[in-house]
Amino acid sequence: MLQLQTIRENKESIITALKKRNIDAEPMLSKIIELDEKRRSIQTELDATLAESNKLSKEIGMLFKSGKAQEANTLKEKTAGLKEASKQLGDDLNVTAAALQEQLYQIPNVPHESVPAGNTDEDNEEIFREGDIPPLEEGALPHWELAKKYDIIDFELGVKVSGAGFPVYKGKGARLQRALISYFLDKNTEAGYTEVQPPLMVNEASGYGTGQLPDKEGQMYHVTADDLYLIPTAEVPITNLHRDDILAESDFPIKYTGYTPCFRREAGSYGAHVRGLNRLHQFDKVEIVRMEHSNNSYAALDEMVEHVKGLLQDLKLPYRILRLCGGDLGFTSALTYDFEVFSTAQDRWLEISSVSNFETFQANRLKLRFKDENGKSQLAHTLNGSALALPRVLAGILENYQTKDGIKIPEVLVPYCGFEVID
RNA sequence: AGAGAGGUGGCCGAGUGGUCGAAGGCGCACGCCUGGAAAGUGUGUAUACACCAAAAGUGUAUCGAGGGUUCGAAUCCCUUCCUCUCUGCCA
């Protein structure tokens with residue numbers, strides 16, 4: 001959510017920046033400014049009315065105490081009109097503030113200046129590429145065939161137990177999955193991220209805090225009996241650890257990492273691109289989350305990108321980094337780098353990490369602030385990234401490391417797996 | 001799930017209709033004291049919004065949330081959320 005003051009002061013530049021998202025924000029912003037002006041004028045009037053009313057009440061109290069009941073009763077009559085007026089103004093204020101809030105929730109974050117304009121993923125800008133694409137032998141298989149061949153992931157069993165998109169990992173497949181989680185957590189911890197195990201269900205306030213609500217309500221599983229939501233990413237509970245906090249500058253940087261399953265309804269997904277591990281209702285992910293001083297968040301973002309690069313270099317997977325264009329940028333993000341691994345057997349790139357700076361967009365909803373050197377509160381910046389999302393890393397490993405003698409395990413994972421090959 | 005207790009400032013905790021944004025304590029900050037520290041001592045120490053160019057200042061709101069009674073509510077009434085304890089159930 002953008003800050004009102006920012007909108008008031010930078011309306012034109014916000015409109016220009018939002019054009020990169022192919023949004024004409026002019027009508028919305030004008031509406032917001034209009035509502036804000038209305039709200040302020042009502043507030044001023046209401047405050048004056050209440051002040052008058054408070055003053056009279058005090059006088060009445062004094063008069064009663066000193067036994068001048070008659071004078072007090074005279075004053076009482078004067079308060080009736082004030083009371084009526086403040087009730088009316090209060091209602092107006094509530095209506096206006098609610099309308100304003102609703103408008104504000106609809107404005108996406110302002111893209112960073114480096115974000116390219118564009119409509120679709122075609123317009124994303126590749127900024128880095130590394131790793132060799134392995135020459136595969138005749139008869140190389142996509143991961144869902146490999147999963148079946150070596151009996152390491154059973155999609156049909158998942159269908160029986162839950163439904164499509166809930167795979168069952170078995171044997172060495174399950175072990176490899178666990179190895180990846182441990183490996184990522186270890187690397188993240190080494191890089192200074194504090195490991196946390198957050199709740200997997202969150203309340204409504206948390207959903208609003210990070211921006212899943214109200215915009216993406218349909219994408220989360222809603223446990224209606226208790227009004228909780230299954231987390232679509234660890235970003236939600238971890239970022240909300242600091243909801244309503246006022247930090248000291250010395251608290252920065254705040255760095256967390258956490259492994260969680262993630263639950264996504266993925267309504268509307270279908271087709272070949274969602275086969276196998278490509279798109280699931282439940283998947284595992286290790287996330288990194290940071291809270292930063294506003295003047296350090298882009299340095300932090302770069303650091304996160306370097307860190308994720310390190311993970312992929314270790315796994316020796318061919319990958320590229322994209323700077324998302326305005327049209328592909330998430331609602332809450334100011335700048336996002338997507339990491340994609342090349343899946344050789346599918347001959348396509350698979351997104352395995354998304355690293356974003358939200359600037360103050362989430363912090364404004366979270367009321368996550370810090371005291372600056374002048375003792376003033378200002379909003380912190382929040383960032384997060386996958387380090388990494390498991391299923392597609394797994395898909396990449398299975399497909400890129402396949403040989404006719406089985407699937408080799410990347411060297412760094414062997415100590416975690418306890419075996420060198422899946423055969 | 002049943003019964004009970006309770007939600008007050010960073011924390012603890014007092015406050016049952018008016019002078020309460022809220023005693024007292026702890027913590028924290030700054031100063032004094034000290035060779036230095038501790039102790040002692042003094043001062044300060046919530047957030048949001050509005051007015052003001054801004055600072056200063058002023059006003060308004062906030063004692064879980066929402067509503068009501070009243071000239072006036074932390075205090076009374078209603079609704080709701082949450083927490084804790086015991087019982088039950090269960091990993």
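All figures in this text were calculated on a predicted structure; none of them were measured in a lab. Letters A, B, ... mirror the listed sequences (proteins, then strands); counts begin at 1.
Ring orientation note: the planes of A/Tyr416 and A/Tyr183 are nearly perpendicular, at an angle over 60° on the 30°/60° scale.
Candidate nucleotides B/G72, B/C49, B/G68 were compared by shortest atom distance to the side chain of A/Lys87, and B/G68 ranks first. When the nucleotides B/G72, B/C51, B/U47 are ranked by their closest atom to the side chain of A/Arg40, B/C51 comes out on top.
Nucleotides B/C81 and B/C32, compared at atom C1', are 49 Å apart to the nearest Å. The separation of B/U79 from B/G4, taken at their P atoms, amounts to 15 Å, rounded to a whole angstrom. If you take atom C1' in B/U34 and the same atom in B/U75, they sit 48 Å apart, rounded to whole Å. Separating the P atom of B/A53 from that of B/G40 is a span of 48 Å, rounded to the nearest Å. Comparing the C1' positions of B/C28 and B/C12 gives a spacing of 15 Å, expressed to the nearest Å. Distance check on atom C1': B/U80 versus B/G17 gives 24 Å, rounded to whole Å. When the P atom is used for both B/G68 and B/A3, the distance is 30 Å, rounded to whole Å. Between the P atoms of B/G25 and B/G42, the separation comes to 10 Å (whole Å).
Pairing of B/G72, defined by two Watson-Crick or G-U wobble distances under 3.5 Å, is not identified with any nucleotide. Under the Watson-Crick or G-U wobble criterion, with both distances below 3.5 Å, B/C52 is left unpaired in every strand shown. The nucleotide B/G17 finds no pairing partner, because no Watson-Crick or G-U wobble arrangement with both distances shorter than 3.5 Å includes it. The partner of B/A29, taking Watson-Crick or G-U wobble pairs whose two distances both stay under 3.5 Å, is B/U43. In this entry B/G66 has B/C78 as its Watson-Crick or G-U wobble partner, both defining distances falling under 3.5 Å. Applying the Watson-Crick and G-U wobble criteria (two distances, each under 3.5 Å), B/G9 pairs with nothing in any strand. Of all nucleotides present, none satisfies the Watson-Crick or G-U wobble test against B/G36 with each distance under 3.5 Å.
Heavy-atom nearest nucleotides on RNA chain B were determined for A/Ser377 and for A/Glu52, and the one closer to the 5' end corresponds to A/Ser377. Both A/Thr44 and A/Ala80 sit near RNA chain B, but only A/Thr44 has its closest nucleotide nearer the 5' end.
Atom pair A/Leu100:CG and B/C49:P shows a separation of 12 Å (rounding to whole Å applied). Going from atom NZ of A/Lys76 over to atom C1' of B/G72 covers 10 Å, rounded to whole Å. Atom CG in A/Asp47 sits about 13 Å away from atom C1' in B/U62, given to the nearest Å. Remark: P of B/A48 and CG of A/Leu4 are 14 Å apart, rounded to the nearest angstrom. To the nearest angstrom, C1' of B/C51 lies 15 Å from CD of A/Glu37. B/A50 atom C1' lies 12 Å from atom CG of A/Leu50, rounded to whole Å. Separating the CE atom of A/Met1 from the P atom of B/A48 is a distance of 14 Å, rounded to the nearest angstrom. Nucleotide B/A73 holds its C1' atom 14 Å from the NZ atom of A/Lys58, rounded to whole Å.
Counting heavy atoms from C-beta outward, A/Glu303 and A/Lys255 have side chains that approach closer than 4.5 Å.
Around the CD atom of A/Glu125, the shell of radius 6.0 Å holds more than 12 heavy atoms that belong to other residues, nucleotides or ligands. Residue-environment remark: CD (A/Glu26) exceeds the threshold of 12 foreign heavy atoms within 6.0 Å.
A sub-4.0 Å separation between OP1 or OP2 of B/A61 and a side-chain N or O of A/Asn54 is present. For the pair A/Lys371 and B/U47, the criterion of a side-chain N or O lying under 4.0 Å from OP1 or OP2 is met. In this structure, A/Arg369 does not reach the B/U47 phosphate: none of its side-chain N or O atoms is under 4.0 Å from OP1 or OP2. Residue A/Lys83 has a polar side-chain atom (N or O) positioned under 4.0 Å from OP1 or OP2 of B/G72. At the phosphate of B/A50, OP1 or OP2 sits under 4.0 Å from a side-chain N or O atom of A/Arg39. Between A/Lys376 and B/A55 there is a side-chain polar atom (N or O) within less than 4.0 angstrom of OP1 or OP2.
Side-chain contact check for A/Asp284 and A/Gln177: at least one donor-acceptor pair (N or O, by modelled atom type) lies under 3.5 Å. No hydrogens or angles considered: nothing links the side chains of A/Thr16 and A/Glu12 as a donor-acceptor pair under 3.5 Å. A/Thr189 and A/Asp186 share no side-chain donor-acceptor pair at under 3.5 Å. Defined by atom type and a distance below 3.5 Å, a donor-acceptor pair is missing between the side-chain atoms of A/Gln362 and A/Thr239.
Contact annotation for A/Ile246: backbone-only contact, meaning every heavy-atom pair under 4.0 Å involves sugar-phosphate atoms and none involves a base. As judged by a 4.0 angstrom heavy-atom cut-off over every strand, A/Thr79 is placed among residues touching the sugar-phosphate backbone only.
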